[in-house]
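So the structure is just underneath, and the comments pick up after that.
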Amino acid sequence: MAEKNLLLTPAESTIDPPIVRIKPVQDILDLCRSMSFWPMTFGLACCAIEMMAVGMARFDIARFGAEAFRPSPRQADLMIVAGTVSRKMAPAVIRLYEQMPAPKWVMALGNCAISGGPFSFEGQYGIVEGVDTIIPVDVFVPGCPPRPEGLLEGLFALQQKITGKRWWPLPQKAVLS
Ligand code: SF4
């Protein structure tokens, strides 16, 4: 009899498999987190100007719930690496990332953050050629600089990565109705 119990599949069992009960809760948490990022107030070079612009009225990142830029890494869950990461700055970037509570995400904004950008050439020794070499990166937004719309597109990609669903732009039918 004991052997037969071991062969029960989840469908035959009287106890629901944990995943059935936990997954909707996880989905709700993922949705809430992806629609209410708290980015860190943190810029390294010219790409940071584009990051600032995305908070202004024309691009209005508040429409997507990510306007609450936080002055402390302990209050932030999204690091937007906007600009050139020098080797001198790299330890500070790592420290800030480690001070952010989990779950946390990182966006590499611009060619400098992705690969060193125009400062990446043979013989250079002062620039980190890709912030993903020092911390994990979730989304890469290319450009020198990327426009604010690029940052928003990166935000949508991050939301899709977390929830498994593309939320913006709204389907045309929803816009018209
Ligand atoms: S990618 Fe271009 S705009 Fe952005 S920080 Fe580097 S040089 Fe400046």
Side-chain angles (χ1 to χ4, degrees), residues 30 32-170:
D30 289 343
C32 295
R33 284 168 175 157
S34 69
M35 296 296 164
S36 60
F37 286 119
W38 284 14
M40 185 158 41
T41 310
F42 169 67
L44 293 173
C46 9
C47 277
I49 305 297
E50 306 299 319
M51 185 176 70
M52 292 176 215
V54 88
M56 303 299 165
R58 182 170 178 188
F59 301 101
D60 194 11
I61 198 173
R63 292 175 294 162
F64 311 106
E67 81 282 15
F69 280 78
R70 307 306 299 169
S72 164
R74 293 185 177 85
Q75 301 167 350
D77 59 2
L78 173 61
M79 175 187 274
I80 302 174
V81 183
T84 323
V85 184
S86 65
R87 293 204 183 279
K88 195 172 181 181
M89 187 64 183
V93 173
I94 295 169
R95 177 173 296 185
L96 288 171
Y97 176 78
E98 288 177 347
Q99 287 179 341
M100 292 166 63
K104 54 191 168 184
W105 298 273
V106 176
M107 179 190 298
L109 183 69
N111 292 355
C112 279
I114 293 173
S115 65
F119 306 107
S120 175
F121 51 85
E122 196 173 340
Q124 74 84 14
Y125 55 85
I127 301 299
V128 175
E129 294 182 331
V131 72
D132 59 321
T133 60
I134 56 172
I135 55 174
V137 173
D138 297 284
V139 178
F140 297 85
V141 180
C144 180
R147 283 190 50 80
E149 294 96 326
L151 193 157
L152 291 178
E153 181 60 32
L155 189 73
F156 303 155
L158 194 52
Q159 290 173 338
Q160 184 171 5
K161 182 174 183 179
I162 295 169
T163 64
K165 185 175 173 184
R166 172 81 185 199
W167 295 91
W168 315 102
L170 292 171

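When reading the values below, keep in mind they use all heavy atoms of this one structure, side chains included, and skip hydrogens, waters and symmetry mates. From a predicted model like this one, the values you see are computed outputs, not experimental measurements. Just follow the structure's listing: the first ligand is 1, and inside any ligand the first atom is 1.
- The count of protein N, O or S atoms under 2.8 Å from atom 2 (Fe) of ligand 1 stands at 1, with waters excluded from the count.
- Under the 4.0 Å criterion applied to side-chain N and carboxylate O atoms, Lys161 and Asp138 are assigned as salt-bridge partners.
- Distance check, rounded to the nearest 0.5 Å: CD of Gln159 to CG of Asp30 gives 12.0 Å.
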Let me check something: any side-chain donor-acceptor pairs from residues 122-133 under 3.5 Å, sequence neighbours excluded? List them with distances.
from   : atom 1 : to     : atom 2 : distance (Å)
Gln124 : OE1    : Gly126 : N      : 3.0
Gln124 : OE1    : Ile127 : N      : 2.9
Gln124 : NE2    : Ile127 : O      : 3.2
Gln124 : NE2    : Glu129 : OE2    : 3.1
Glu129 : OE2    : Ser120 : OG     : 2.8
Thr133 : OG1    : Gly130 : O      : 2.6

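- Across every non-hydrogen atom of Glu50 and Pro148, the tightest pair is OE1-CD, 3.0 Å.
- Between Ile134 and Ala90, the closest heavy-atom pair is CD1-CB, 4.0 Å.
- Inter-residue side-chain proximity for Thr84 and Leu44 is flagged as unmet; no heavy-atom pair is nearer than 4.5 Å.
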